[in-house]
Peer 1: 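Would you mind keeping the following structure in view while I ask a few things?
Residue numbers count from 1 along this sequence. Computed over heavy atoms, backbone and side chain alike; hydrogens, waters and symmetry mates excluded. The structure presented is a predicted model; accordingly, all values stated were derived computationally and were not measured.
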Amino acid sequence: MSRPSALKTVLSTASCKLTRALLRRTGRGGTAVPGKVAMKVAPDILKATSQGMEIVVVTGTNGKTTTCNMAWHAISECGRDCLLNRSGANLLSGITADLTCNADWRGRPRTHYAVLECDEAALKQVVPLVRPRAVVVTNLFSDQVDRYGGVENTLAEIRRGVKLVPETTLVLNADEPLSASLALGVPNKTVFYGMNPSVGVRGDVDLNDAGVCPVCGKAYEWDFHIYAHLGGYRCPGCGYGRRTPDVEVMSIEDLTALGSRIRLRTAEGERDVDISLPAVYNIYNAAAAVGAALALGLPLDKTLSSLSSVESSFGRLETFDLKGNRLQMILVKNPAGCNQAFSYLTSLEEDFTAVLCLNDRTGDGHDISWINDTDYEKLCGDPHLKKLYVCGDRKEDLDARLEKAGAPGEIRQIVGDYDTLLGLLLEEQRPIFALPNYTAMMELRKVLSTATGKKDFWA
Ligand SMILES: [Zn+2]
């Protein structure tokens with residue numbers, strides 16, 4: 001596919017920028033529409049507006065946004081200009097909008113680097129246009145089943161994308177058998193990241209998504225577990241199994257509500273690394289970001305030290321100050337992510353209030369049956385849980401699930417709307433953890449942003 005002509009590039013870029021400016025003037029985010037307009041004029045405009053850039057594309061079920069944020073921060077801390085598609089519009093149209101608005105009026109990119117969050121199914125459309133230096137696949141878990149038709153289909157979608165870019169380095173989670181299998185049968189260079197067996201079990205083990213050996217179809221044997229289906233797997237039939245990580249977490253020295261300290265091994269030896277975001281899953285995200293930085297050839301020391309100053313992104317352990325009280329928001333959209341959030345909450349040993357919000361709109365997936373596969377018993381069994389607010393379109397279903405999980409009636413409260421919820425939260429004295437799914441997060445965040453004066457994400 002050749003690049004669009006100079007005239008088409010100018011027209012496409014101009015229409016993209018103009019559309020975004022108009023949408024923002026009318027108070028809308030303008031995340032995907034400007035890209036659609038640009039592609040109407042020049043369908044492959046992304047090819048021009050990403051020309052010559054060094055790009056990292058991040059895909060996978062959980063941790064995309066945080067991994068992107070960490071990789072972007074590392075590149076920036078190394079003194080390089082870098083674009084990040086922070087809006088969360090991670091389909092072809094949104095990525096086209098961000099890269100085209102990043103270009104000058106002749107369609108030439110204004111930054112040399114970009115970190116792009118990309119939807120799993122959109123990868124095959126995006127990568128042939130931007131020819132990334134690295135594709136990071138964080139992990140694969142059952143998610144939004146009605147959208148892709150299961151985790152094996154999602155893996156196949158990603159594989160279709162990977163096959164289009166044999167020159168791209170794959171940054172893969174060695175401990176996650178589904179995404180790690182993307183390295184099979186392709187010529188791409190790889191950087192594997194993972195945890196040393198000595199790190200030990202850090203959450204609930206659930207092998208439902210582990211699948212079977214992609215080579216011979218036998219069930220895996222396991223040498224160790226970290227959480228869910230992440231750990232040390234090996235096929236007894238053909239010998240396929242976990243690869244030794246290039247970026248390896250040797251130990252977790254400390255883990256608090258503010259972050260963690262780990263010992264990390266790379267080809268340059270072992271270092272102590274501070275990560276300014278809490279929770280074990282963010283250690284994986286940090287290791288993925290380090291893998292991306294290595295694929296780009298960034299200096300290791302600056303990359304590692306950047307992890308101590310990463311700020312949380314939009315709804316991912318984002319912290320709000322409610323009249324001096326702390327509210328942390330954790331986006332949850334599937335059992336694995338939700339269970340990890342519960343592991344984090346229950347590890348903190350402090351009394352807390354939880355807010356659970358569940359919607360079932362297009363951005364969430366209409367099927368909410370995943371709440372039945374989620375370990376609410378773990379949350380509800382925590383003696384530190386003192387109050388539980390339930391909100392969102394499917395609040396009654398969620399409340400019924402929480403009752404079944406053992407949350408007493410006197411601590412549960414269904415709340416009809418977010419303004420009422422905000423009023424209640426402003427009266428709270430305990431730390432608050434809000435766990436909404438996607439569209440519920442957008443609503444809750446809007447109310448919180450207005451109350452606390454935080455900016456909208458596109459401002
Ligand atoms: Zn096998």
Peer 1: Quick one: side-chain contact (heavy atoms from CB on, under 4.5 Å) partners of P335, sequence neighbours excluded?
Peer 2: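 Checked P335 against side-chain contact (heavy atoms from CB on, under 4.5 Å); matches are W370, D373, T374.
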
Peer 1: Please enumerate all residues that pass salt bridge (charged side-chain N to carboxylate O under 4.0 Å, His left out) together with D382, with sequence neighbours excluded.
Peer 2: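 With neighbours one apart ignored, the set is empty.
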
Peer 1: Do you see a donor-acceptor pair shorter than 3.5 Å between the side chains of R263 and S251?
Peer 2: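 Their side chains do not contain a donor-acceptor pair, so the 3.5 Å distance test is not met.
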
Peer 1: Exactly one of L230, N173, V249, I262 should register a side chain to side chain contact (heavy atoms under 4.5 Å, CB included) with M195. Which one does?
Peer 2: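 Only match with M195 under side chain to side chain contact (heavy atoms under 4.5 Å, CB included): V249.
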
Peer 1: Is it the case that over 12 heavy atoms from other parts of the model lie below 6.0 angstrom from the CD atom of E270?
Peer 2: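 Buried by this count: over 12 neighbours within 6.0 Å.
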
Peer 1: Among all residues two or more places apart in sequence or in another chain, which pass the side-chain contact (heavy atoms from CB on, under 4.5 Å) test with S15?
Peer 2: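 S15 satisfies side-chain contact (heavy atoms from CB on, under 4.5 Å) with V37, V41 only.
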
Peer 1: With E248, which residues qualify under side-chain contact (heavy atoms from CB on, under 4.5 Å), at least two apart?
Peer 2: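 E248 satisfies side-chain contact (heavy atoms from CB on, under 4.5 Å) with N196, P197, R242, P245, M250, R265 only.
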
Peer 1: Measuring from atom CD of Q328 to atom CG of L345, what distance do you get when rounded to the nearest 0.5 angstrom?
Peer 2: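 Q328 CD to L345 CG: 8.5 Å, rounded to 0.5 Å.
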
Peer 1: Only counting residues at least two apart or in another chain, list the ones meeting salt bridge (charged side-chain N to carboxylate O under 4.0 Å, His left out) with E350.
Peer 2: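 For E350, the residues satisfying salt bridge (charged side-chain N to carboxylate O under 4.0 Å, His left out) (neighbours in sequence not counted) are R326.
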
Peer 1: Holding to ring pair (Phe, Tyr, Trp, His ring centres under 6.0 Å), I want the full list of residues that pass it with H73, two or more places apart in sequence or in another chain.
Peer 2: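 H73 satisfies ring pair (Phe, Tyr, Trp, His ring centres under 6.0 Å) with no residue once adjacent residues are dropped.
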
Peer 1: If you measure from the Lys or Arg side-chain nitrogens to the Asp or Glu carboxylate oxygens, is any gap between R110 and D104 under 4.0 Å?
Peer 2: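 Answer for the salt bridge query: no.
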
Peer 1: Assess, by modelled atom type and distance only, whether the side chains of S142 and D209 contain a donor and an acceptor separated by less than 3.5 Å.
Peer 2: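 Looking only at side-chain atoms, D209 and S142 do form a donor-acceptor pair, the distance falling under 3.5 Å.
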
Peer 1: Return each pair, listed once, that meets salt bridge (charged side-chain N to carboxylate O under 4.0 Å, His left out) where at least one residue sits in residues 68-85; pairs must be two or more places apart or across chains.
Peer 2: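 Of all non-adjacent pairs touching residues 68-85, none passes salt bridge (charged side-chain N to carboxylate O under 4.0 Å, His left out).
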
Peer 1: Would you check, one step at a time, whether the test side-chain contact (heavy atoms from CB on, under 4.5 Å) holds for Y113 with I55?
Peer 2: CA-CA 6 Å; Y113 290 85; I55 292 177; over 6 Å; no

Peer 1: Under the side-chain hydrogen bond (donor to acceptor under 3.5 Å, both in side chains) criterion, do T49 and R108 qualify, and how do the steps go?
Peer 2: CA-CA 6 Å; T49 55; R108 294 175 304 197; over 6 Å; no

Peer 1: Under the salt bridge (charged side-chain N to carboxylate O under 4.0 Å, His left out) rule, what pairs show up with a residue in residues 280-303, not counting sequence neighbours?
Peer 2: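 The answer is R271-D301.
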
Peer 1: Enter the distance from D274:CG to L304:CG here, rounded to the nearest 0.5 Å.
Peer 2: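 Here the interatomic distance stands at 10.5 Å.
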
Peer 1: Exactly one of L425, T452, L422 should register a side chain to side chain contact (heavy atoms under 4.5 Å, CB included) with V447. Which one does?
Peer 2: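 Going through the options one by one, the only one that passes is L422.
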
Peer 1: Applying side chain to side chain donor-acceptor pair (under 3.5 Å), can you list everything that pairs with D246, at least two apart in sequence or on another chain?
Peer 2: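 Checked D246 against side chain to side chain donor-acceptor pair (under 3.5 Å); zero matches.
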
Peer 1: Report the distance from atom OG of S181 to atom CG of L155, rounding to the nearest 0.5 Å.
Peer 2: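 Those atoms lie 4.5 Å apart.
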
Peer 1: Please check if any side-chain donor atom of S179 sits under 3.5 Å from a side-chain acceptor atom of E176, or the reverse.
Peer 2: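 Note: S179 and E176 side chains meet the donor-acceptor criterion.
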
Peer 1: Can you list everything that forms a salt bridge (charged side-chain N to carboxylate O under 4.0 Å, His left out) with R106? Sequence neighbours excluded, please.
Peer 2: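 R106 satisfies salt bridge (charged side-chain N to carboxylate O under 4.0 Å, His left out) with no other residue.
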
Peer 1: Any donor-acceptor pair under 3.5 Å linking the side-chain atoms of N359 with those of T439?
Peer 2: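 The answer is yes; a qualifying pair exists.
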
Peer 1: Side chains of E120 and T154: donor-acceptor distance under 3.5 Å anywhere?
Peer 2: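 Judged by distance alone, the side chains do not pair up.
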
Peer 1: Which distance, rounded to the nearest 0.5 Å, do you find between the OG1 of T65 and the CG of N62?
Peer 2: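 Rounded to the nearest 0.5 Å, the OG1-CG separation comes out at 10.0 Å.
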
Peer 1: Taking 4.0 angstrom as the limit, do K446 and E443 come out as a salt bridge?
Peer 2: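 No, K446 and E443 are not salt-bridged.
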
Peer 1: Check each of T138, D175, N139 against Y284 using the side-chain hydrogen bond (donor to acceptor under 3.5 Å, both in side chains) test, and report the only one that passes.
Peer 2: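 Testing Y284 for a side-chain hydrogen bond (donor to acceptor under 3.5 Å, both in side chains) against T138, D175, N139 leaves exactly one candidate, D175.
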
Peer 1: How many angstroms lie between CG in L435 and CG in L331, if you round to the nearest 0.5 Å?
Peer 2: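 Rounded to the nearest 0.5 Å, the CG-CG separation comes to 9.0 Å.
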
Peer 1: When you look at CD of E311, are more than 12 heavy atoms from neighbouring residues, nucleotides or ligands closer to it than 6.0 Å?
Peer 2: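 No, the 6.0 Å shell around CD holds no more than 12 heavy atoms from other groups.
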
Peer 1: Taking L255's backbone N and O only, do any of them form a donor-acceptor pair with S260's side chain (distance below 3.5 Å, no angle check)?
Peer 2: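 Side chain of S260 to backbone of L255: no pair is present.
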
Peer 1: Distance only, no hydrogens: is a donor on one side chain within 3.5 Å (strictly under) of an acceptor on the other, for E117 and N85?
Peer 2: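 Short answer, no.
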
Peer 1: The criterion is side chain to side chain donor-acceptor pair (under 3.5 Å); which residues satisfy it with S343, sequence neighbours excluded?
Peer 2: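 Once residues adjacent in sequence are excluded, the partners of S343 under the side chain to side chain donor-acceptor pair (under 3.5 Å) criterion are K378.
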
Peer 1: Roughly how far, to the nearest 0.5 Å, is CG of L317 from CZ of F433?
Peer 2: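 Here the interatomic distance stands at 8.5 Å.
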
Peer 1: Check the pair N188, T169 against side-chain hydrogen bond (donor to acceptor under 3.5 Å, both in side chains), reporting the backbone distance first and the verdict last.
Peer 2: CA-CA 6 Å; N188 303 59; T169 300; over 6 Å; no

Peer 1: Taking only residues two or more places apart in sequence, or in another chain, which ones meet D223 in a salt bridge (charged side-chain N to carboxylate O under 4.0 Å, His left out)?
Peer 2: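 R234.
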
Peer 1: Between K189 and E167, does any NZ, NE, NH1 or NH2 come within less than 4.0 Å of an OD or OE carboxylate oxygen?
Peer 2: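 Here E167 does not pair with K189 in a salt bridge, since their nearest N and O are not under 4.0 Å apart.
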
